[in-house]
> 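I'd like to ask you about the structure that follows.
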Amino acid sequence: MSRYDTMFARLDQERCGAFVPFVTLGDPNLEQSLALLRMLVASGADALEVGIPFSDPVADGPVIQAASQRALAQGVRPKDCWNLLAQIRKENADIPMGLLVYANLVVRDGIDLFYQRAADAGADSVLVADVPSAEAAPFAKSARAHGICPVLIGTPNANKDRLRQIAQLCDGYVYVVTRAGVTGVDQEVHLPPEHLLAVLKEVGAPPAMLGFGISSPKQVRAALKCGAAGAISGSAVVRHIEENLDAPGVMLHEIGDFVRKMKAATSLES
Amino acid sequence: MKVNTRFGEFGGSFVPEILYPALEQLEEGFLAAREDAAFQKELDELLHTYAGRPTPLYRCRNLCAETKARIYLKREDLLHGGAHKTNQVLGQGLLTKRLGKKRIIAETGAGQHGVATALAGALFGLETRIYMGERDVERQALNVFRMELMGAEVVPVAHGSRTLKDAVNETLREWTSSYDTTHYMLGSVVGPHPFPLMVREFQRVIGREAKEQILEAEGRLPDAVIACVGGGSNAIGIFSDFVEHEKTALVGVEAAGRGLHTQEHGATIHTGEVGILHGSRSFLLQDADGQIAETHSIAAGLDYPGVGPEHAHLQTTGRATYVGATDTEALAAFQELALKEGIIPALESAHAIAHAIKRAQEATEPEVLVICLSGRGDKDMSEVRRILRGEEEI
């Protein structure tokens, strides 16, 4: 049983959905990044989703691109990211930790070595943003061999056969996007994803968490209401980093507040 | 996908899931168009009456006249638009119409592909947006003006190194939300399948003509075909019909910039390692962690950290060889061709000329060389003038 399974079982009992914040590791620097990760956990994040900074993040909008650039400008390297993750794992035995990375970082030293490092650092899942299901088989195979859940993206423009393929290659959770485009902050949750979620369920995909554009408690409620098991918020979290670069204390405080508010919106009782 | 997405171990379609259906639709449209006689007829007609094909194969009268080599230039510089880029934007433009899309987007480095895309946009009545690195917008102001004259919107990209690779990133990002209405008119044999295959097929007219022309002129195939390689579309275009003739050497010339021993070059095949960028698996200039490197070349069109996957395959199988020419060598060849033949080549094409001159000088037996003169040098006038006047270092 993966940490995601355990988390979803617990949330079921609590009559809650999951709230999962995303940050880029090493943003704005290693020390503050560790403090931020601790704050996310302390403020009620059910799981963490983290990125390893990459020079050419084609699936990301301006906010997360800038996060990558800040980390790279600080000289943050993948090995620093593994150390950060390992530290958080040491402090938190149960929280699921997912990586969101780009393919070139995965293949650089060989796919197997990457998943080995991810497992050693205590990561639970890896989503490779620029590897679609049609190319994902070797990545999923290596992930599973190392006890890592391969996570794929379920998209509104995928047909049923494609969603079935995604379901087969995906463990832990499926990352569902409800709109086209790159990561970013939106006012609304776009397409009503009920249909997509129903098909994913039918083809046997793991629980769905919605991402891309989730920035308010209202959107979290909307996502859960249409049947998602959780909501992932990236750019809206990272924006608090960007806006408070010269005030690390305020940054931590604001992000803590944001996570508490978003988590509060995950109750299915109300 | 309906056909093999790989060239040996290279290629593939490494894009976010949301874009994959758009690539499938493009592949399907391209494969159907290729079999459609009416599509081919319209394309051939445009290549002839609009773009000026066939382009001549000219035997140099003076360049390397003292050597044992006979040098032929395939004059893509005479094509409408000033470079080989026009061949494939006409193909992709017709395909855009066929797919029912109303809008095109493209990346550009020096602006040559941007200009080609803009002319296709005007010709086919498509709304056109060009992404161009902020630094390139400054360096190539005249090309920006050309694009705008033809009705294109030029969007400066302020992220990353603010050059070609960032323009590609931004075009891909836009495409993930606009693919329903918009075709990405990618400019070279790079990117995810089907682009490397499709762009090659639209560019192979260069080699098809060159082969016929050299047989007519010499009664035999050339000893070598030489072309510059950035992404590699003119090179693939002229190589493709010669690949089966193993006695003809295929030579790609990469940008050695300030020297292959420095970090400042664009010689991806020479010094790069296998990785995944912009949709395909190929050689890449990158650091130990897999972060993409910044590149340098006097020729903006060769200033790119990747290379088409088919070139990676041709190199790995040994069918083609790849050499470098430095900024200095390219500039000398640029001047030599102007002085000896009255032809001013693009700085990119001057890399191929530089290697041909070197090879001719070393020839001990008579040999026939065909060089792809991929573009004309008008776009490089102000940069070369600054360098020759000593106002700018290379």
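First the proteins, then the strands, lettered A, B, ... as listed; each starts at 1.
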> Can you name the closest pair of heavy atoms from A180(A) and T176(B) and give their distance?
CB-O, 3.1 Å
> Measuring only between side-chain heavy atoms, which start at C-beta, is R173(B) closer than 4.5 Å to P62(A)?
no
> Could you check D289(B) against R108(A) for salt bridge (Lys or Arg N to Asp or Glu O under 4.0 Å), going step by step and ending with a plain yes or no?
CA-CA 7 Å; D289(B) 292 338; R108(A) 186 66 179 106; over 6 Å; no
> Would you mind checking which part of I52(A) comes under 4.5 Å of any heavy atom in chain B, side chain (CB onward), backbone (N, CA, C, O), both or neither?
neither
> Could you walk me through whether V177(A) and E17(B) pass the side-chain contact (heavy atoms from CB on, under 4.5 Å) test, one step at a time?
CA-CA 10 Å; V177(A) 303; E17(B) 188 76 46; over 6 Å; no
> Got a donor-acceptor contact below 3.5 angstrom from the N104(A) side chain to the G290(B) backbone?
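Checked: pair present.
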> Would you compute the distance between atom CD1 of I153(A) and atom OH of Y20(B) and round it to the nearest 0.5 angstrom?
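So the gap between those two atoms works out to 15.5 Å.
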> In terms of heavy-atom pairs under 4.5 Å with chain A, which of S161(B), S13(B), G12(B) leads?
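Of the candidates given, the most pairs with chain A belong to S13(B).
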> CD/Q291(B) to CZ/R77(A) distance, rounded to the nearest 0.5 angstrom?
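Rounded to the nearest 0.5 Å, the CD-CZ separation comes out at 9.5 Å.
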> With a 4.5 Å cut-off on heavy-atom pairs, point out which of A136(A), S133(A), S68(A), G154(A) contacts chain B the most.
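Ranked by contacts with chain B, first place is S133(A).
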> Name the member of S178(B), G279(B), G275(B), S177(B) that forms the most heavy-atom pairs with chain A at distances under 4.5 Å.
S177(B)
> How long is the span from the CD atom in Q286(B) to the OG atom in S55(A), to the nearest 0.5 Å?
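Reported to 0.5 Å precision, the distance equals 9.0 Å.
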> Using heavy-atom distances under 4.5 Å, tell me whether D287(B) contacts chain A through its side chain, its backbone, both, or neither.
backbone
> Sort V107(A) into side chain, backbone, both or neither according to what part of it lies under 4.5 angstrom from a heavy atom of chain B.
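The answer is the side chain of V107(A).
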> Contact part of D60(A) toward chain B, heavy-atom cut-off under 4.5 Å: side chain, backbone, both or neither?
backbone
> Side chain, backbone, both or neither: which part of E24(B) has a heavy atom under 4.5 Å from chain A?
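Looking at E24(B), just its side chain touches chain A.
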> In Å and rounded to the nearest 0.5 Å, what is the CD to CZ distance from E135(A) to R281(B)?
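It is 10.5 Å, given to the nearest 0.5 Å.
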> More than 12 non-hydrogen atoms from neighbouring residues, nucleotides or ligands closer than 6.0 Å to CD on E9(B), yes or no?
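Counting neighbours around CD of E9(B), more than 12 heavy atoms of other residues, nucleotides or ligands fall under 6.0 Å, so yes.
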> Would you mind checking which part of E174(B) comes under 4.5 Å of any heavy atom in chain A, side chain (CB onward), backbone (N, CA, C, O), both or neither?
neither
> Calculate, to the nearest 0.5 Å, the distance between atoms NE2 and CG belonging to H278(B) and D130(A) respectively.
10.0 Å
> Go through the atoms of F212(A) and report whether side chain, backbone, both or neither lie under 4.5 Å from a heavy atom of chain B.
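The answer is neither part of F212(A).
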> In sequence, state the C-alpha distance, the side-chain angles, and the governing distance for L277(B) and Y102(A), and then conclude on side-chain contact (heavy atoms from CB on, under 4.5 Å).
CA-CA 9 Å; L277(B) 179 71; Y102(A) 285 89; over 6 Å; no
> Are there over 12 heavy-atom neighbours, none belonging to Q263(B), within less than 6.0 Å of that residue's CD?
no
> We want to know whether N157(A) and Y179(B) form a side-chain donor-acceptor pair, criterion being a heavy-atom distance below 3.5 angstrom.
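The criterion, which ignores hydrogens and geometry beyond distance, is satisfied for Y179(B) and N157(A).
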> Given a strict heavy-atom distance threshold of 4.5 Å, which part of P53(A) is in contact with chain B: side chain, backbone, both, or neither?
backbone
> Distance check, rounded to the nearest 0.5 Å: Q65(A) atom CD versus N169(B) atom CG?
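Those atoms lie 7.5 Å apart.
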